Peer 1: 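Starting off with a structure, shown below.
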Amino acid sequence: QVQLVESGGGLVQPGGSLRLSCAAYGTVFAYNVMGWYRQAPGKERELVATISTGRTTYADSVKGRFTISRDNAKNTVYLQMNSLQPEDTAVYFCNIKKGFDVWGQGTQVTVSS
């Protein structure tokens, strides 16, 4: 079984930056797709970015501002978020696909002046 633990959320002003981290505990292979999703109040959970061997994908709303990366030696995936806007406010969840979805507990990101 795999457990995901996120960290790095918080309060930031518009235009600021945050970096989220997600550590995976258990058996993880480089080919397992890992990613970040987010859920704002009253909205459905949506894809932010994913990463697998040699490939990344991004939601249109974060392209050019967010960067996903992965350290396979540490079983950790990161999300560097720049130029944050109030509409980025949400709970951010880490995900890994191992034939089924495994989710972290979520970390709150609030963008506000």
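Every heavy atom of this structure was used, including side-chain atoms; hydrogens, water molecules and symmetry mates were not. Not measured: the values here are computed from a predicted model.
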Peer 1: Could you give the distance from OG1 (T57) to CZ (R55), rounded to the nearest 0.5 Å?
Peer 2: 6.5 Å

Peer 1: Side chains of T56 and T50, heavy atoms from C-beta outward: is any pair under 4.5 Å?
Peer 2: no

Peer 1: Roughly how far, to the nearest 0.5 Å, is the OH atom of Y92 from the CZ atom of F66?
Peer 2: 4.5 Å

Peer 1: Only pairs at least two apart or in different chains count here, so list each salt bridge (Lys or Arg N to Asp or Glu O under 4.0 Å) that has a residue in residues 99-113.
Peer 2: K97-D101

Peer 1: For Q1, check side chain to side chain contact (heavy atoms under 4.5 Å, CB included) against everything at least two apart and list the hits.
Peer 2: F100, V102

Peer 1: When you measure from the side chain of Q13 to the backbone N and O of S112, does any donor-acceptor pair fall under 3.5 Å?
Peer 2: no

Peer 1: Linking Ile, Leu, Val, Met, Phe, Trp and Tyr by side-chain heavy atoms under 4.5 Å, what else ends up with Y31?
Peer 2: F29

Peer 1: Using a 6.0 Å cut-off, check whether atom CD of E87 has over 12 heavy atoms from anything other than its own residue.
Peer 2: yes

Peer 1: Determine whether a donor-acceptor pair (N or O, by modelled atom type, separation under 3.5 Å) exists between the side chain of S21 and the backbone of S7.
Peer 2: no

Peer 1: Can you see which heavy atom on S69 is nearest to which on V77, and at what distance?
Peer 2: O-CG2, 3.1 Å

Peer 1: Suppose we screen for salt bridge (charged side-chain N to carboxylate O under 4.0 Å, His left out). Which residues come up paired with K63, at least two apart in sequence or across chains?
Peer 2: D60

Peer 1: For residues Y78 and I68, determine if any side-chain heavy atom of one lies less than 4.5 Å from a side-chain heavy atom of the other.
Peer 2: no

Peer 1: Are the side chain of Q85 and the backbone of S83 linked by a donor-acceptor contact shorter than 3.5 Å?
Peer 2: yes

Peer 1: Does the pair D71 and T76 meet the rule for a side chain to side chain donor-acceptor pair (under 3.5 Å), with working shown?
Peer 2: CA-CA 5 Å; D71 185 335; T76 300; over 6 Å; no

Peer 1: I need the full list of salt bridge (Lys or Arg N to Asp or Glu O under 4.0 Å) pairs touching residues 24-38, with sequence neighbours left out, sorted by first then second residue.
Peer 2: R38-E46, R38-D88

Peer 1: If you compare all heavy atoms of A24 against all heavy atoms of M34, which two are closest, and at what distance to 0.1 Å?
Peer 2: CB-CE, 4.2 Å

Peer 1: Looking at side-chain heavy atoms only, is the closest gap between V109 and L18 below 4.5 Å?
Peer 2: yes

Peer 1: I'd like to know if the side chain of K98 reaches the main chain of T27, judged simply by a donor and an acceptor atom lying under 3.5 Å from each other, with no hydrogens or angles considered.
Peer 2: yes

Peer 1: Between Y25 and N75, does a side chain to side chain contact (heavy atoms under 4.5 Å, CB included) hold up when you go through it step by step?
Peer 2: CA-CA 7 Å; Y25 297 93; N75 282 347; over 6 Å; no

Peer 1: Find the distance between CG (N95) and CG (L4) and round it off to the nearest 0.5 Å.
Peer 2: 7.5 Å

Peer 1: Do you know the tightest heavy-atom contact between S113 and P14?
Peer 2: N-CD, 3.7 Å

Peer 1: Check V111 against T89 and note the closest heavy-atom contact, atom names and distance.
Peer 2: N-OG1, 2.9 Å

Peer 1: What are the two closest non-hydrogen atoms of M81 and L20, and how far apart are they?
Peer 2: CE-CG, 3.7 Å

Peer 1: Between K43 and Q39, what is the shortest heavy-atom contact and its length?
Peer 2: O-NE2, 3.1 Å

Peer 1: Test side chain to side chain contact (heavy atoms under 4.5 Å, CB included) on Q3 and I96; report intermediate values, then the result.
Peer 2: CA-CA 9 Å; Q3 183 181 8; I96 184 171; over 6 Å; no

Peer 1: Given a cutoff of under 4.5 Å between side-chain heavy atoms of I, L, V, M, F, W and Y, with clusters grown through shared members, what are the other residues clustered with W103?
Peer 2: Y37, L47, V91, F93

